[in-house]
Amino acid sequence: MIVAPKKYKEGTVIESDICIIGGGPAAISLALSFLNQNCQITMLAGGSWSETQKNRALNKGFINPECSHEPLEENRKRVFGGGTSVWGGRCVPFDPIDFEVRSWVPNSGWPISYHQLVPFYRTALQFCEAGENNFDARVVFPAKKSQIIDGLDNEDIVSYKLERWSPPTRFAKRYKQELKNSPDIHIYLDAHVTNINAETHADQIDSVNVIIGSSEIKITANKFILAAGGIENPRLLLSSKSAFHPSGIGNQHDHVGRYYMCHLAGTFGAVNPINRDEILFPFEVDKQGIYCRRRWWLTPKIQKQDQIANGIMYLNGPINVKNNKEPTESAVILAKSITGVLKGRSSETIWSKLKKVIKDLNEHLIYTLRNSHKVIPFFFDLGIKRITNRRLPLRLPSLKSKWLYVYFQTEHVPNRESRISLSDVKDRLGIPLPVVKVAFTELDIQTIVSAYKVFFERFIKSNQGEISYDENTVRLSVLEEMGNFSSQAHHLGTTRMSDDASKGVVDSNCKVHGISNLYIAGSSVFPTGSHANPTLTLIALSLRLANHIKRLNLSYPNSMTQTDEASRAYAKKILSGFLLLNQG
């Protein structure tokens, strides 16, 4: 059942077996996992079907120092469906090395292994409608060559690893009927949790305060799951202070909000390949109709040898018109630049910034206008594809350009000084606004520098063509990027997982240390962040959490093996129906 906002009598108390705080992919995955489990689920979604300015303002906060991170409302959506309402759809699992203790990466190591998460990756991929849990191009595409560029792969860098792409699945809309029709699930829209209450015992949560419209009510439950995102999770824990928890819930060792991680990404070098017609550059489609793409990955060998974190690289497009041979590419560059102006964070007026963009990209503008007969059909076709069930994930640059740019995405290593804290300013609901301080280490810089060095040295040694790359320029570019950082909506690590209460906020089952009935779902529990986009892994962890709770004493009628299989069968049914619709 999905409940629209309405007026409640002051002091209303709603009882539940499980209360899920949040309305994004973690929360929705959890709710779907509890279908037909003979227990009452209450989900409190802090938004409705579309985002209002009033709700968007609740995502605001402060950056320290100013402009060192994008505004907090820029990459977050206060809407039912959360980040999946604007998600690009990239599905990538973490690598086995990401779960290991790496002596050269401070604070690394998970209390669970990659193999423990594999069964949940399978189901997560089905919920994301992204096919099977196979990311090895040598197996998925056996008739094709295994390398992006023949002869470039070696023991340090390989390109047989795939990423899979969801349609992308908009979780709230895609699973609306299942959630709406369930008598056991009650989803309250525009329900804003303002406090987590430990009223009678230090080790137990009794209720949460919720504001819906102008009414304040309480939800009581046997178990609570906080699934509000990497910034809101620590914000709510820190602001829920009481006599039992004077520094906030779960914060007895001052870990809540610390170890804030994202990913570092950018384009700081280029190549001019000799045999570009043979490059495995475009998207490939597997037997299930799923779009896949290859990338270069730094192997565990080179990570250990060079003492660096995890990372991947792609070929990207030209950034100036001299190297650009496609008018549609110029049009895309213009569109992205103008969009960036409208979302910018400076104090300049939009008009003055637009004039600056037009001046800087004047050649692109002229080239686009002169070739409008090509550009207009392209954007019309792109619009049609964007409203179909499964579309090409993104526009790839033309291989006709002389220079192909090398884009990287690397791990941001856990750092205690990188953190979310609270300010003295409160939002309209009375919750202190968060303060974000993103911090980096020399290891973050060296990972990017080494990744480029490994790639370009290998490119030259294997006689693949020309390069445009300078190590000192890369280092300076990385420092500049760190001073004007964008998180790409990857908010990780702020309630980190550890079985040692002195080193983390939650244990290996995502239960908050010292609290018997409070769990946390989402990317905030990641001890390390890998190079991979977080959505697939946070869904897999949420499914694992649901499985753990189903094994506890909630008197479910089925055995756990049966419920796990039922959940997997349900996900397969969803995917099969979607594929039939797509083929039709």
Side-chain angles (χ1 to χ4, degrees), residues 1-24 26-28 30-32 34-35 37-60 77-82 85 171-173 175-200 204-229 232-233 235-237 239-242 249 426-433 517-519 521:
M1 182 184 300
I2 299 177
V3 184
K6 63 180 181 180
K7 179 71 176 176
Y8 288 90
K9 183 180 178 181
E10 200 69 24
T12 295
V13 176
I14 296 174
E15 297 179 354
S16 186
D17 290 315
I18 299 174
C19 176
I20 302 171
I21 303 164
I28 293 174
L30 284 162
L32 290 169
F34 290 114
L35 284 173
Q37 292 296 305
N38 194 31
C39 69
Q40 290 294 314
I41 306 296
T42 297
M43 182 194 294
L44 304 170
S48 191
W49 296 103
S50 58
E51 189 175 49
T52 64
Q53 283 298 113
K54 196 175 180 181
N55 282 347
R56 182 177 171 80
L58 295 174
N59 278 344
K60 290 187 175 182
K77 299 290 284 185
R78 196 89 170 198
V79 64
F80 183 36
S85 63
F171 271 53
K173 293 179 180 178
Y175 299 112
K176 177 181 178 180
Q177 280 311 119
E178 288 88 340
L179 296 169
K180 185 178 180 181
N181 294 340
S182 172
D184 298 330
I185 297 175
H186 290 73
I187 299 172
Y188 294 84
L189 301 181
D190 275 330
H192 308 286
V193 175
T194 58
N195 206 75
I196 301 171
N197 305 311
E199 298 168 314
T200 56
Q204 180 180 309
I205 302 304
D206 299 291
S207 65
V208 294
N209 294 350
V210 187
I211 292 179
I212 301 178
S214 60
S215 306
E216 183 169 16
I217 66 173
K218 278 192 176 184
I219 308 291
T220 63
N222 294 322
K223 289 188 167 39
F224 294 86
I225 306 174
L226 180 56
E232 293 303 306
N233 281 353
R235 180 189 181 194
L236 195 51
L237 291 173
S239 64
S240 297
K241 296 178 181 179
S242 67
I249 291 174
K426 296 182 178 181
D427 65 18
R428 66 179 174 85
L429 303 177
I431 307 175
L433 292 177
N517 65 337
L518 177 61
Y519 298 81

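Listed by first and then second residue, the salt bridge (Lys or Arg N to Asp or Glu O under 4.0 Å) pairs involving residues 4-16 amount to none (not counting sequence neighbours).
How far CD of Glu232 is from CG of Leu237: 11.0 Å, rounded to the nearest 0.5 Å. The CG atom of Asn209 sits 11.5 Å away from the CG atom of Leu429 when rounded to the nearest 0.5 Å. The structure places CD1 of Ile41 at 5.5 Å from CZ of Phe34, a figure rounded to the nearest 0.5 Å. Between Ile28 atom CD1 and Ile187 atom CD1 the span is 7.0 Å, to the nearest 0.5 Å. Here the straight-line distance linking atom CD of Gln177 with atom OG of Ser182 works out to 12.0 Å at 0.5 Å rounding.
Side-chain contact check for Asn55 and Asp190: at least one donor-acceptor pair (N or O, by modelled atom type) lies under 3.5 Å.
Two residues are said to be in side-chain contact when any heavy atoms from C-beta on lie closer than 4.5 Å; Tyr519 and Leu226 fail this criterion. Here the side chains of Thr220 and Asp206 are not in contact, with every heavy-atom distance at 4.5 Å or above. Counting heavy atoms from C-beta outward, Ser48 and Val79 have side chains that stay 4.5 Å or more apart. Leu58 has its side chain out of reach of Thr52: every pair of non-hydrogen atoms, C-beta onward, lies at least 4.5 Å apart. Residues His192 and Glu216 are not in side-chain contact: their nearest non-hydrogen atoms beyond the backbone lie 4.5 Å or more apart. Ile20 places none of its side-chain heavy atoms less than 4.5 Å from the side chain of Thr42. The shortest side-chain heavy-atom distance between Glu178 and Leu32 falls under the 4.5 Å cut-off. In this structure, Ile185 and Lys180 have side chains that are not in contact, with every pair of non-hydrogen atoms separated by 4.5 Å or more.
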Set out, in order, the CA-CA distance, both residues' side-chain angles and the distance that settles side-chain contact (heavy atoms from CB on, under 4.5 Å) for Val3 and Leu189, then state yes or no. CA-CA 6 Å; Val3 184; Leu189 301 181; over 6 Å; no
Take Val210 and Thr194 through the test side-chain contact (heavy atoms from CB on, under 4.5 Å) and record every step on the way to the result. CA-CA 6 Å; Val210 187; Thr194 58; over 6 Å; no
side-chain contact (heavy atoms from CB on, under 4.5 Å) between Val13 and Ile217, worked out: CA-CA 6 Å; Val13 176; Ile217 66 173; over 6 Å; no
For Asn38 and Asp184, run side-chain contact (heavy atoms from CB on, under 4.5 Å): C-alpha distance rounded to whole Å, both residues' side-chain angles, the deciding distance at 0.1 Å, then the answer. CA-CA 7 Å; Asn38 194 31; Asp184 298 330; 5.8 Å; no
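Panel note: side chain Asn517, backbone Ile205; a donor-acceptor pair is recorded below 3.5 Å. Put simply, the side chain of Ser240 gets close to the backbone of Leu236: a donor and an acceptor are under 3.5 Å apart. No donor-acceptor pair closer than 3.5 Å links the side chain of Asp17 to the backbone N or O of Cys39. Between the side chain of Ser85 and the main chain of Gly82, a donor-acceptor pair closer than 3.5 Å is present. Although no hydrogens or angles enter the test, the distance criterion places a donor-acceptor pair under 3.5 Å between the side chain of Ser16 and the main chain of Ile18.
What you find for Ile211 and Gly213 is that their closest heavy atoms are CG2-O, 3.4 Å. Looking at every heavy atom in both residues, Ala45 comes nearest to Gly23 through CB-CA, 4.0 Å. Closest of all the heavy-atom pairs between Ser242 and Ala198 is OG-O, 4.3 Å.
Lys218 pairs by the side-chain hydrogen bond (donor to acceptor under 3.5 Å, both in side chains) definition with Glu199, not counting sequence neighbours. Annotation: side-chain hydrogen bond (donor to acceptor under 3.5 Å, both in side chains) contacts of Asp427 (sequence neighbours excluded): Arg235. Phe80 is linked by a ring-ring contact (aromatic ring centres under 6.0 Å, His included) to Trp49, counting only residues two or more places apart in sequence or in another chain. Shown here are the side-chain hydrogen bond (donor to acceptor under 3.5 Å, both in side chains) partners of Asn195, two or more places apart in sequence or in another chain: Asn197. For the side-chain hydrogen bond (donor to acceptor under 3.5 Å, both in side chains) test, residues two or more places apart in sequence or in another chain that qualify with Glu51 are Lys77.
Using the six-membered ring where Trp is involved, His186 and Tyr188 have ring planes that are parallel, under 30° apart on the 30 and 60° scheme.
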